[in-house]
There are 2 protein chains.
Amino acid sequence: MKSVATNNQTQLATASADPTLDRDAMQFHEALSELIRIYQFRDRKRICCHDISVTQCYALDALVRRGALTLNELATELYLDKSTASRVLDALERKDYLVRETDPEDRRAIQVALTPQGRELHARIEADLLEEHKRLLADLDPEVRQAISNLIGRLAREASERFSRVDGSCCKAQ
Amino acid sequence: MKSVATNNQTQLATASADPTLDRDAMQFHEALSELIRIYQFRDRKRICCHDISVTQCYALDALVRRGALTLNELATELYLDKSTASRVLDALERKDYLVRETDPEDRRAIQVALTPQGRELHARIEADLLEEHKRLLADLDPEVRQAISNLIGRLAREASERFSRVDGSCCKAQ
DNA sequence: TTATAATGTTGGTAGTAACAATGAAATCGG
DNA sequence: CCGATTTCATTGTTACTACCAACATTATAA
């Protein structure tokens with residue numbers, strides 16, 4: 001179906017229905033790949049500022065967005081193993097960014113809650129990112145900004161649906 | 001909403017010049033964060049299909065885009081330490097996706113070149129991604145597709161400039 | 001009550017990535 | 001030309017991440 005060394009097949013697949021789709025998709029693919037690539041590398045060196053890692057940052061963010069969570073909920077939210085999530089919490093708890101509290105309704109479970117320091121760190125990181133994004137948007141027209149946000153939001157939603165549907169566990173790698 | 005309860009200064013900074021920028025930037029920030037987040041998690045489990053990791057995939061991609069490279073060039077391209085890049089090559093060479101060849105002009109250096117298998121794997125991965133992106137774009141108008149690609153390309157370029165300029169080595173983490 | 005399931009923790013293992021040190025080859029200065 | 005320095009790639013070491021499996025504790029079902 002998709003041995004692409006040649007591009008005849010993909011053309012055949014959709015050319016009749018939508019002649020520009022292939023070219024548009026190619027352009028989109030190149031642009032998005034580059035964007036993802038840049039942000040991914042940036043993540044390693046910049047998002048995780050102040051003294052936390054990328055995963056820890058996502059954990060903080062999840063706790064701000066969703067409020068106090070149990071470890072299982074957090075692990076699900078972050079697509080992590082619960083043991084990994086537990087260790088992520090260890091690190092954040094050591095730095096006083098959150099606390100584990102036993103759930104009064106289910107004494108097996110814990111409620112993970114941010115401390116003021118954790119909330120403050122998250123706010124600082126968010127503010128930094130927002131500032132960056134503001135600079136990126138500054139010289140665009142307001143209606144273009146709106147269009148971008150809408151489109152990116154839509155992309156995110158569609159991507160999310162697609163990825164959650166498929167879920168083949170690839171990448172054991174080595 | 002969100003974390004930004006704290007910062008009046010960002011409002012002061014630009015409110016007079018551009019009244020919608022703050023709100024637009026906020027929306028953009030949320031949309032983009034979500035997109036990045038989704039792609040980042042997907043990376044871990046899906047891009048790296050077939051039998052290679054994310055980093056290995058980027059290495060393949062760099063070799064396709066830039067042709068044969070020395071290890072140093074590749075490490076720079078991937079923002080990796082030389083030693084890490086060398087081990088990435090180990091893995092890919094073991095799977096016969098590339099070969100190391102001594103550079104005839106500098107016998108300290110190696111030229112890393114893809115094998116036919118490596119090229120074919122890259123083509124297959126690209127084709128998969130392209131197919132996904134095609135599906136994402138399929139129900140958008142052609143002019144909207146163009147606008148998206150242009151905007152994303154621009155975002156990538158601006159982000160790239162910004163990130164390469166700053167380069168504070170954060171994230172020692174733990 | 002006992003059996004089963006769920007929650008979170010810990011141990012073990014593998015992979016990733018950085019820093020440091022090394023060997024080998026090229027380059028520079030005298 | 002020769003020694004010192006620099007550059008290129010690799011190996012050793014260390015730290016972190018993430019997965020699986022096993023476990024103690026608690027909840028729920030039979």
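Just so we're on the same page: letters track the sequence lines, and every chain starts at 1.
- The residue B/Thr70 sits close only to the backbone: its heavy atoms come under 4.0 Å of sugar-phosphate atoms, none of a base.
- Side-chain proximity of A/Arg87 to the nucleotides C/dG11, D/dG12, D/dC8 is greatest for C/dG11.
- Rounded to an integer number of Å, the gap from CG of A/Leu80 to P of D/dC19 is 6 Å.
- Whole-Å rounding puts the A/Asp90 CG to C/dT10 P distance at 7 Å.
- In summary, the side chains of B/Gln111 and B/Asp103 do present a donor paired with an acceptor at a separation below 3.5 Å, with no hydrogens or angles considered.
- Note: CD1 (A/Ile110) to C1' (D/dT26) measures 14 Å, nearest angstrom.
- Sorted by first then second residue, the salt bridge (charged side-chain N to carboxylate O under 4.0 Å, His left out) pairs that include residues 26-36 of chain A, not counting sequence neighbours, are A/Glu34-A/Arg37.
- When the side-chain nitrogen and oxygen atoms of A/Thr55 are compared with OP1 and OP2 of D/dA18, one or more of them lie within a distance under 4.0 Å.
- When the nucleotides C/dA25, D/dT10, D/dC19 are ranked by their closest atom to the side chain of B/Arg107, C/dA25 comes out on top.
- Between the CD atom of A/Glu105 and the P atom of D/dT28 there is a distance of 10 Å, given to the nearest Å.
- The phosphate of C/dT9 has OP1 or OP2 within less than 4.0 Å of a side-chain N or O from A/Ser86.
- Applying the 4.0 Å criterion to OP1 and OP2 of C/dA6, one finds that A/Asn72 has every side-chain N and O outside that range.
- Dashed line: the shortest gap from a side-chain N or O of B/Arg100 to OP1 or OP2 of D/dT10 is under 4.0 Å.
- Of the listed nucleotides (D/dG12, D/dA9, C/dA17), C/dA17 has the atom at the smallest distance from the side chain of B/Val88.
- Going from atom CG of B/Asp81 over to atom C1' of C/dT22 covers 15 Å, rounded to whole Å.
- Listed candidates were D/dT25, D/dG12, C/dA25. Nearest to the side chain of B/Asp106 is C/dA25.
- Judged purely by distance below 3.5 Å, without hydrogens or angles, the side chains of A/Arg145 and B/Thr20 pair a donor atom with an acceptor atom.
- In this model, the phosphate group of D/dT17 is approached by a side-chain N or O of A/Ser53 to a distance below 4.0 Å at OP1 or OP2.
- Taking atom CG of residue A/Leu78 and atom C1' of nucleotide D/dC19, one finds them 15 Å apart after rounding to whole Å.
- Spacing between atom NZ of A/Lys82 and atom C1' of C/dA6 amounts to 8 Å, rounded to whole angstrom units.
- As a whole-Å value, the separation of B/Gln56 CD from C/dA17 C1' is 13 Å.
- Screening residues 109-143 of chain B for ring pair (Phe, Tyr, Trp, His ring centres under 6.0 Å), with sequence neighbours left out, gives A/Phe28-B/His133, A/His29-B/His133.
- In this structure, the side chains of A/Ser86 and A/Arg100 come closer than 4.5 Å at one or more pairs of heavy atoms.
- Between A/Arg108 and D/dA27 there is no side-chain polar atom (N or O) within less than 4.0 angstrom of OP1 or OP2.
- The residue among A/Thr84 and A/Pro104 whose nearest nucleotide of DNA chain D is located toward the 5' end is A/Thr84.
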